[in-house]
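A short write-up of the structure that comes next.
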Amino acid sequence: MAIGYACITIGVQDAKQARCTIGNATEDNLRRLIKDNLNALDAAIDYNIAMGISLFRISSDIVPFGSHPVNKLLWWEEFGEKLAQIGKKVIDSGMRATMHPGQYTVLNSKNSEVVDNALLDLKYHCKFMDVLGLDEKNKMILHVGGVYGDKKNSAEVFKSNYLRLPDNIKGRLIIENDDKNYTVEDVLGISRALEVPVVFDNLHNKLNPSLETIPEQGWVDICRSTWKQKDGVQKIHYSQQKAGGTAGSHSDTIYIEEFIKFYNNIRDKNIDIMLEVKDKNISCIKCINSSSSKTSAKDLEEEWARYKYFVLSRSASIYSEIREQLKDKENIDAVRFYKKIEQAIDKAEDKGAEVNAAQHVWGYINKNCKEAEKRRFNKLLASYIDKGDGLKSIKNHLLKCAIEQDISYLINSYYFYI
DNA sequence: TGACGTCAAGATCCG
DNA sequence: CGGATCTTGACGTCA
């Protein structure tokens with residue numbers, strides 16, 4: 001059982017991915033970006049290992065314009081050594097990596113150029129995983145594509161185009177129900193014909209349910225039968241609707257009670273759950289700690305160290321309540337802990353609390369900082385107290401100072417990132 | 001023709 | 001001039 005997150009690692013300075021526009025995609029720029037992005041991927045994997053996260057989606061942008069003719073680099077040769085080293089790290093740590101060509105990679109398109117480009121994109125994604133040296137249990141997820149007024153026929157086009165794919169792509173490809181077109185029932189139909197594993201996506205299923213009404217858990221069970229030994233553990237996508245957002249938009253954080261309810265209903269826990277959520281690795285750790293029986297008082301204390309200034313910036317009383325709760329080392333209750341954190345997340349901005357937290361963080365920086373930094377902090381804080389704007393500037397300044405003084409305790413704080 | 005999703009790059013604005 | 005904030009990009013489908 002693993003819980004993972006997609007592409008971006010929040011709050012890890014060395015793990016930031018970079019890109020460029022097509023106009024700037026010169027050979028030199030691309031070479032530099034690939035080098036930087038591979039180092040960033042390496043850092044993200046180190047972080048995952050340190051945090052006990054063993055499921056991770058690699059960004060499609062890891063090689064900028066990886067399937068576009070503008071990128072003519074033989075990146076798999078040029079960076080072969082680095083790629084192999086990263087791959088070895090993934091394998092040795094027992095991590096499972098995935099990739100996910102987006103909604104614009106359409107294998108069943110009416111337009112043959114679009115199909116050609118989809119093939120190039122699949123080849124690129126597959127090549128990346130191949131050169132990492134990952135086996136076929138490390139999957140590549142694709143949506144079925146367009147409907148073009150005739151879902152049945154369009155599914156047939158998908159099938160025939162699938163059958164023409166190279167074997168290494170077929171070995172990795174898995175298909176997912178989407179939020180508008182192909183329901184899990186539709187995707188299972190395609191899966192039966194092609195023997196392709198199906199990824200059940202809970203939010204897509206809510207927005208685009210099948211004709212047959214089966215509870216979520218029933219669909220998870222049915223999808224399980226599409227996963228064979230060689231495919232590895234069944235994988236599903238889990239996300240929550242953002243309150244007040246357009247249908248299908250992902251929540252800022254995974255609300256833990258709802259997740260645990262879903263998790264408890266899963267009959268066979270031998271399953272990998274990929275979270276799709278704005279706060280990425282942060283929710284991932286939350287879900288791992290809340291679903292594992294091995295979560296210790298120390299685990300929650302480490303989380304508290306990362307959350308505390310954020311919580312303080314929202315509410316001093318919630319801050320005290322959590323501190324009280326954590327004093328009881330005999331009764332570890334991760335769900336209760338994270339529900340309190342969520343209370344703080346959902347609280348509206350409170351100027352007094354923000355000022356208090358900023359001053360608290362400043363207390364660590366104040367001692368060893370430059371006069372100019374001191375002046376800037378005081379100026380920004382005064383402006384915030386006076387006019388109520390510039391909170392982001394305060395946080396950016398504090399983070400900059402923390403990085404300069406290399407105070408990891410502060411740099412790792414979620415206060416700066418959520 | 002614009003919305004959809006994504007989020008850093010790139011452009012522009014501000015003090 | 002540095003930093004904050006707004007706009008663009010790159011993709012394909014669908015209304």
Side-chain angles (χ1 to χ4, degrees), chain A residues 5-10 13 15-26 29-30 32-34 36-37 40 57-71 99-122 124-125 141-151 154 157-158 161 176 178-182 201 203-204 207-208 237 239 241-242 245-252 276-280 370 372-373 375-377 379-380 382-384 386-387 389-401 403-404 417:
Chain A
Y5 67 99
C7 307
I8 289 166
T9 309
I10 293 176
Q13 302 302 320
K16 288 194 186 114
Q17 296 284 325
R19 301 187 298 187
C20 70
T21 54
I22 205 159
N24 290 328
T26 61
N29 257 339
L30 289 171
R32 179 180 53 81
L33 287 168
I34 295 165
D36 290 352
N37 285 351
R57 181 189 300 165
I58 298 169
S59 167
S60 294
D61 289 337
I62 186 88
V63 176
F65 299 99
S67 64
H68 193 285
V70 78
N71 188 341
M99 290 187 91
H100 189 4
Q103 57 182 310
Y104 299 113
T105 302
V106 183
L107 190 59
N108 74 340
S109 177
K110 288 277 183 205
N111 179 341
S112 65
E113 260 178 57
V114 171
V115 177
D116 291 344
N117 288 338
L119 179 60
L120 287 174
D121 203 38
L122 290 174
Y124 150 66
H125 283 88
I141 299 109
L142 188 67
H143 294 274
V144 176
V147 170
Y148 316 104
D150 184 347
K151 201 192 270 186
S154 299
V157 174
F158 180 89
N161 288 350
E176 175 193 356
D178 65 72
D179 59 342
K180 290 196 172 70
N181 302 323
Y182 293 87
D201 183 303
L203 184 57
H204 292 166
L207 295 164
N208 183 27
H237 287 175
S239 59
Q241 171 68 45
K242 182 191 176 86
T246 54
S249 59
H250 296 144
S251 59
D252 290 340
E276 294 182 319
V277 60
K278 289 270 151 49
D279 70 358
K280 305 285 181 184
K370 296 172 190 151
E373 290 168 342
R375 280 197 300 274
R376 181 166 167 79
F377 174 75
K379 195 178 150 199
L380 289 171
S383 164
Y384 176 64
D386 185 33
K387 290 181 275 180
D389 64 2
L391 178 59
K392 227 177 137 187
S393 304
I394 296 174
K395 289 195 184 188
N396 286 348
H397 181 59
L398 288 170
L399 178 58
K400 208 179 134 199
C401 293
I403 290 171
E404 202 173 275
Y417 311 109

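What you are looking at is a predicted structure, and each value in this text was computed from that prediction instead of being measured. In what follows, every chain begins at residue 1, and chains take the letters A, B, ... in the order their sequences are listed.
Applying the 4.0 Å criterion to OP1 and OP2 of C:dG12, one finds that A:K110 has every side-chain N and O outside that range. Residue A:S59 has no polar side-chain atom (N or O) positioned under 4.0 Å from OP1 or OP2 of B:dT6. Neither OP1 nor OP2 of C:dC14 sits under 4.0 Å from any side-chain N or O of A:Y148. An OP1 or OP2 oxygen of B:dT6 is reached within less than 4.0 angstrom by a side-chain nitrogen or oxygen of A:H250. Here A:H143 does not reach the OP1 or OP2 of C:dG12: none of its side-chain N or O atoms lies under 4.0 Å away. Distances shorter than 4.0 Å separate some side-chain N or O of A:K280 from OP1 or OP2 on B:dC7. Distances shorter than 4.0 Å separate some side-chain N or O of A:N396 from OP1 or OP2 on C:dA4. Within the structure, a side-chain polar atom (N or O) of A:S109 is placed less than 4.0 Å from OP1 or OP2 of C:dT13.
If you check B:dG5, C:dT13, B:dA9 against the side chain of A:Q103, the one that comes closest is B:dG5. Considering only side-chain atoms of A:R19, the nucleotide from C:dG9, B:dT6, C:dG12 that sits closest is C:dG9. For A:I8, the listed nucleotide lying nearest its side chain is B:dA8; candidates were B:dA8, C:dA4, B:dC4. When each of C:dA4, B:dC7, C:dG12 is scored by its nearest atom to the side-chain atoms of A:S393, the top-ranked nucleotide is C:dA4. You'll find that the side chain of A:T21 is closest to B:dA9, out of B:dA9, B:dC4, C:dG12. Listed candidates were C:dG12, C:dG3, C:dG9. Nearest to the side chain of A:K400 is C:dG3.
Comparing A:V147 and A:C20 against DNA chain C, the residue whose closest nucleotide sits nearer the 5' end is A:C20. Residue-to-nucleotide proximity on DNA chain B shows that, of A:T246 and A:K379, the 5′-proximal contact is made by A:T246. Both A:Y104 and A:Q17 lie near DNA chain B, and the one whose nearest nucleotide falls closer to the 5' end is A:Y104.
In this structure, A:I22 places its CD1 atom 5 Å from P of C:dA10, rounding to the nearest Å. Nucleotide C:dA4 holds its C1' atom 13 Å from the NZ atom of A:K387, rounded to whole Å. Distance A:N117 CG to C:dG12 P: 6 Å, rounded to the nearest Å. For the pair A:N181 CG and C:dG12 P, the interatomic distance rounds to 16 Å; values are reported in whole Å. If you take CG of A:N208 and P of B:dC4, they are 18 Å apart, rounded to a whole angstrom. As rounded to whole Å, 14 Å separates atom P of C:dA4 from atom NZ of A:K395. The interatomic distance linking A:R57 (CZ) with B:dC7 (P) rounds to 11 Å, in whole Å. Atom CD of A:E276 and atom P of B:dC4 are 19 Å apart (whole Å).
One N or O on the side chain of A:Y124 and one on the backbone of A:S60 form a donor-acceptor pair closer than 3.5 Å. At distances below 3.5 Å, at least one donor-acceptor pair connects side-chain atoms of A:Y182 with backbone N or O atoms of A:G146.
Looking at heavy atoms from C-beta onward, A:N37 lies in side-chain contact with A:P64 at the 4.5 angstrom threshold. Between A:Q241 and A:S251 the shortest side-chain heavy-atom distance does not fall below 4.5 Å. Contact check for A:D252 versus A:K242: side-chain heavy atoms found under the 4.5 Å cut-off.
Using the six-membered ring where Trp is involved, A:H237 and A:H100 have ring planes that are tilted, between 30° and 60° apart.
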